[in-house]
A.B. asks: 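Structure below; questions to follow.
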2 protein chains.
Amino acid sequence: MEYQKELKRLIFDLKTNYLPSVSIDLVIFGFHDGQLKVLLLRWKTTDKWCLPGGRIRHEENMEAAAYRSLRERTGLSEIFLQQFHTFGDVDRYTHFSRHDTLSKLGLPEEDLKEFASRDVSVGYYALVEFAGATPTPDLFTDECCWWDIDQIPLLLFDHNDMITLALKTLRRQLSYQPIGYNLLPDKFTMPDLQQLYETILGQSLDRRNFQKRMLGYGILERLEERKTGGAHKAPYLYRFNKENYEKALRDEILFVG
Amino acid sequence: MEYQKELKRLIFDLKTNYLPSVSIDLVIFGFHDGQLKVLLLRWKTTDKWCLPGGRIRHEENMEAAAYRSLRERTGLSEIFLQQFHTFGDVDRYTHFSRHDTLSKLGLPEEDLKEFASRDVSVGYYALVEFAGATPTPDLFTDECCWWDIDQIPLLLFDHNDMITLALKTLRRQLSYQPIGYNLLPDKFTMPDLQQLYETILGQSLDRRNFQKRMLGYGILERLEERKTGGAHKAPYLYRFNKENYEKALRDEILFVG
DNA sequence: TCAAAAGTGTTAAACGTACACCCATGA
DNA sequence: TCATGGGTGTACGTTTAACACTTTTGA
């Protein structure tokens, strides 16, 4: 059986080349067309879903491991990725029985036991333009796709808590730091930017006040061009002033909340 | 040699009963008399200092491990403890050579090697009334004492970064949540509370505005008594309204920043 | 009686919020 | 020509920041 062989190889690889006891979990938020989604994986031969994750190689920085896992699941790199919390409760696997879930993989009991022990997991969240991503399942999962943020089912392990905390952190982050650099095209309109903010915050904002505030931070440059082809009045195009944007990131200017 | 024997036992205990690859580091801020201090340990037979830390037992929640380590170093429990970041760079031990530092312990080379490999470390910060703490060194260290926040020397590993980030996080936390519950005596004056805030923020605040704001949050109860015995006008005593205090913690009301 | 700390209130500036009108565009 | 989205400015209310005088107390 090819799958069993491959799985065995993977497990050997995990045991030898990766740090034990520590894992990484990713809350990958997808933004597109005014919708906020989360990338979930369906566990092999079950109807249970969970977050994508990864492990850290012995000679690899933890953040690099998170980026690598993100790339493996979405095909994307160069995106916004942020550590938000580390989860270390003993019972964090017992929401559904981890042992039962893992047994679906068809592993020998010894491997199962090791897998079923509690890991400390470092949570990262990412924000990607989901039209550009290519969701790819891994060897433990059958399916990988986007779920609407309002319709997340009961997930395996403590992954519902992770999503809740990640979203809370992202929203708070929005009050301290600019966002949008790797999420919007190089040139974008003010309504585009506003929609991004509204999608993340889950609430609508006043057009005029939003524009005033954004321009006030000095991270935007208005171009001469306008975006034509739309059905209505052509909006101006903007681009981020990279220098001021980076400065705002460093300084943690207070933004809209 | 009694110390070598004890050390051997400790290392065996660490190997068998604790999670590998993950450690905990504690930034314990001490508050007293308008001073902000950090608890540091001096590494065995060296003049190098570092943060206290700990490890997680197999059947122990991570947060419980942090509390336990805190108790072991200070004798205190029931205090403010908060996870702030997890550190996982490969080179986080190379600031000073970890191998050289560890060799001062007089361990056999095999143990040394294992000890010298990179751990992922979860950083917690705590805030304690330092007059009540009893700083206690562990088996790896000769000395345990408070250092003024402005006079921290170059520390082992990435511990200077940890302190910087912990302080930044603590200051931000102050804008979202009330603080003081386990730091001030049951009854305290408004100037006491203000001094706590000023010490943490490292800046002075306007007396009148501070009082207005604090009272506005409804977490304080003014008592009939005044604090007598001081050399000047007797200030009122306050106590926290536990219920509202807890509520403010949960709701993350926006506080003074 | 004086110096030092604590109690209290007012005013101006900044900021956030609410809101309305005109313009451009393709259907 | 009209419906829709986009551009712009003003006025009000709230919040924050600055600031001064009086009271109490022990030295």
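Computed from a prediction, not measured in an experiment: that's the story for all the values here. Chain letters run A, B, ... following the sequence lines, proteins first and then strands; every chain starts at 1.
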A.B. asks: Starting at NZ of Lys233(B) and ending at P of dT25(D), how long is that distance when rounded to a whole Å?
C.D. replies: 8 Å
A.B. asks: Round to a whole Å and report the spacing from CE of Met214(A) to C1' of dG16(C).
C.D. replies: 14 Å
A.B. asks: Tell me which of Ala231(B) and Gly229(A) sits closer to the 5' end of DNA chain C, going by the nucleotide each one is nearest to.
C.D. replies: Ala231(B)
A.B. asks: Check the distance between dG7(C)'s P and Glu224(B)'s CD and give it to me in whole angstrom.
C.D. replies: 14 Å
A.B. asks: In whole Å, what is the span from the CG atom of Asp206(A) to the P atom of dG9(D)?
C.D. replies: 15 Å
A.B. asks: Is the phosphate of dG6(D) approached by Arg208(A) (side-chain N or O, under 4.0 Å from OP1 or OP2)?
C.D. replies: no
A.B. asks: Determine whether a donor-acceptor pair (one donor, one acceptor, N or O, separation below 3.5 Å) exists between the side chain of His232(B) and the base of dA4(C).
C.D. replies: yes
A.B. asks: For Arg207(B) and dT22(D), give me the distance from atom CZ to atom P, rounded to whole Å.
C.D. replies: 15 Å
A.B. asks: Of Arg226(A) and Pro235(B), whose closest DNA chain C nucleotide lies nearer the 5' terminus?
C.D. replies: Pro235(B)
A.B. asks: Would one find a side-chain N or O of Arg222(A) under 4.0 angstrom from OP1 or OP2 of dT8(D)?
C.D. replies: yes
A.B. asks: What pairs meet the salt bridge (charged side-chain N to carboxylate O under 4.0 Å, His left out) rule with one or both residues in residues 74-84 of chain A, with sequence neighbours excluded?
C.D. replies: none
A.B. asks: Is it the case that the ring center of Tyr124(A) lies less than 6.0 angstrom away from the ring center of Tyr67(A)?
C.D. replies: no
A.B. asks: Give Lys227(A) one of three labels, base, sugar-phosphate or nothing, depending on what nucleic acid heavy atoms sit under 4.0 Å from its own.
C.D. replies: nothing
A.B. asks: Over how many whole Å does the gap from Lys212(B) atom NZ to dA6(C) atom P extend?
C.D. replies: 17 Å
A.B. asks: In this structure, how many angstroms lie between the C1' atom of dG6(D) and the CZ atom of Phe188(A), rounded?
C.D. replies: 16 Å
A.B. asks: Around Phe80(A), counting heavy atoms of other residues, nucleotides and ligands shown, do more than 12 lie under 6.0 Å from its CZ?
C.D. replies: yes
A.B. asks: Which whole-number value in Å describes the distance from Asn209(A) CG to dG9(D) C1'?
C.D. replies: 11 Å
A.B. asks: At what distance, to the nearest 0.5 angstrom, does CZ of Phe29(A) lie from CG of Leu167(A)?
C.D. replies: 4.5 Å
A.B. asks: Does any donor atom in the side chain of Lys212(A) or Asn209(A) lie under 3.5 Å from an acceptor atom in the other side chain?
C.D. replies: yes
A.B. asks: Output the single nucleotide from dC19(D), dG26(C), dT25(D) whose closest atom is nearest the side chain of Ala234(B).
C.D. replies: dT25(D)
